[in-house]
Amino acid sequence: MKSIVCIPTYNENENILRLFDAIHAVDPEFHILVIDDGSPDGTAASVRGRMTQDDRIHIIERAGKLGLGTAYCEGFAWAIENNFAFIYQMDADFSHDPKDLARLKDEIQHNDLVIGSRYVSGVNVINWPMSRLLLSWFANIYTRVITSMPIADATGGFKAYRADALKKLDLKKFKSNGYAFQIEMNYRVWRTKARIKEIPIVFTDRVSGVSKMSKNIVYEAAFLVWKLKVGTILSFGKR
Ligand SMILES: Nc1nc2c(ncn2[C@@H]2O[C@H](COP(=O)(O)OP(=O)(O)O)[C@@H](O)[C@H]2O)c(=O)[nH]1
Ligand SMILES: [Mg+2]
């Protein structure tokens, strides 16, 4: 049963090779797929360099910064096509601790989606400004109240999917990015009555490189939860 970690990158040259090593120190069986959006800092060239000596590393190179959501969807589609049974996602900036992949792996053996959660036992975020933490915290309450989806951390990006669970979704239909994309994926998987489990993780703000977070990402997510809710009401009875 093959496993692959999908990592979207935009200017992560300072992090990406170190991250490969850290992942393989945890488990040498993981394949890794980088989805790079033409990073001006040469991230893709570094990855390609490593690929010449390591056949567990793969890359999808896109022409420009096309957004996080479509990057994930292209990565997931590639992983499905290449017969990976378990598909993981994580950020390139070490905010997600590669060591936690071991626990995600244990849990995905008997679940369809496992979410690395910052809010399942208190608040586990290190070095975020209070404003960003409050935003994330309230975004999750807002999402839970509107959608009734029983997930404490619906906006995080450290997860494992069973490929069979992703095959039930139409990955080409996803247009959202950022927080919204994570919420939409969780929601659509949840609606298929999948087995979802949250496990506690500690999220640490990036040390190297810069964040691509923006106000638009927040507005997009705020609007999306209503779209999901209304979409579900309108499709009621069709299932
Ligand atoms: N391929 C791709 N990756 C992106 C894009 N925007 C962000 N990323 C990557 O997505 C991950 C999360 O982004 P990050 O800037 O760390 O967001 P933050 O942690 O919310 O501040 C990192 O690995 C980024 O390099 C994008 O437009 N395309
Ligand atoms: Mg980050």
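All ligand and atom numbering here is 1-based and tracks the order in the structure. Please read these numbers as outputs of a predicted model, since none were measured by experiment.
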Chemist: Backbone or side chain, does any N or O of Asp36 fall under 3.5 Å from an N or O of ligand 1?
Modeler: no
Chemist: Do Tyr88 and Phe158 make the cut of ring centroids closer than 6.0 angstrom?
Modeler: no
Chemist: Going through the checks in order, is the side-chain hydrogen bond (donor to acceptor under 3.5 Å, both in side chains) test met by Lys159 and Asn186?
Modeler: CA-CA 10 Å; Lys159 308 195 259 195; Asn186 294 339; 2.8 Å; yes
Chemist: Please report the shortest heavy-atom distance between Leu68 and Gly178, naming the atom on each side.
Modeler: CB-N, 4.1 Å
Chemist: Is the ring centre of His31 less than 6.0 Å from the ring centre of Phe84?
Modeler: yes
Chemist: With a 4.0 Å cut-off on N to O distance, would you call Arg56 and Asp54 a salt bridge?
Modeler: yes
Chemist: May I ask you to decide whether Asp100 forms a salt bridge with Arg103, counting only side-chain N to carboxylate O separations under 4.0 Å?
Modeler: yes
Chemist: Would you say Ala71 has any N or O atom under 3.5 Å from an N or O of ligand 1, going by distance alone?
Modeler: no
Chemist: Considering only heavy atoms of Asp37, which atoms of ligand 1 have at least one such atom less than 4.0 Å away?
Modeler: 1 (N), 2 (C), 26 (C), 27 (O), 28 (N)
Chemist: May I ask you to check whether Arg132 has an N/O atom sitting below 3.5 Å from an N/O atom of ligand 1?
Modeler: yes
Chemist: For atom 10 (O) of ligand 1, what is the nearest protein heavy atom, given as residue, atom name and distance?
Modeler: Leu68 CD1, 3.2 Å
Chemist: Any pair with a residue in residues 8-18 that passes salt bridge (charged side-chain N to carboxylate O under 4.0 Å, His left out), sequence neighbours left out, goes on the list, sorted by first then second residue, please.
Modeler: Glu12-Arg206, Glu12-Lys212
Chemist: Under 4.0 Å, counting heavy atoms only: does Gly67 come that close to any atom of ligand 1?
Modeler: yes
Chemist: Any N or O on Ser211 sitting closer than 3.5 Å to an N or O of ligand 1?
Modeler: yes
Chemist: When you measure from atom 9 (C) of ligand 1 to every protein heavy atom, which one gives the shortest distance, and what is it?
Modeler: Pro8 O, 3.4 Å
Chemist: Looking only at non-hydrogen atoms, find the nearest pair between Ile16 and Ile7 and report the distance.
Modeler: CD1-CG2, 4.2 Å
Chemist: How would you list, by chain and number, every residue that makes a side-chain contact (heavy atoms from CB on, under 4.5 Å) with Thr70, sequence neighbours excluded?
Modeler: Arg62, Leu66
Chemist: Please determine whether side-chain hydrogen bond (donor to acceptor under 3.5 Å, both in side chains) holds for the pair Thr9 and Asp36, giving the CA-CA distance in whole Å, both sets of side-chain angles, and the decisive distance to 0.1 Å.
Modeler: CA-CA 5 Å; Thr9 55; Asp36 185 72; 2.7 Å; yes
Chemist: Run through the protein N/O/S atoms less than 2.8 Å from the Mg ion (ligand 2) and write them out by chain and number.
Modeler: Asp93 OD2
Chemist: What do you reckon, does Ile7 have a nitrogen or oxygen under 3.5 Å from a nitrogen or oxygen of ligand 1?
Modeler: no
Chemist: Of the backbone atoms (N, CA, C, O) and the side-chain heavy atoms from C-beta on, which set of Arg206 has a member under 4.0 Å from an atom of ligand 1: side chain, backbone, both, or neither?
Modeler: side chain
Chemist: Phe203 to ligand 1: N or O pair under 3.5 Å?
Modeler: no
Chemist: Below 4.0 angstrom from a heavy atom of Lys65, which ligand 1 atoms are there? Numbered from 1 as shown, please.
Modeler: 5 (C), 6 (N), 26 (C), 27 (O)
Chemist: Would you mind listing every side-chain hydrogen bond (donor to acceptor under 3.5 Å, both in side chains) that reaches into residues 117-126, with sequence neighbours excluded?
Modeler: Ser117-Glu198, Arg118-Asp153, Arg118-Thr155, Tyr119-Ser136
Chemist: Should you measure from each heavy atom of Glu12, which atoms of ligand 1 turn up under 4.0 Å away?
Modeler: 22 (C), 23 (O), 24 (C), 25 (O)
Chemist: Just checking, Lys167 and Tyr161: is the charged tip under 6.0 Å from the six-membered ring centre and within 45° of the axis?
Modeler: no
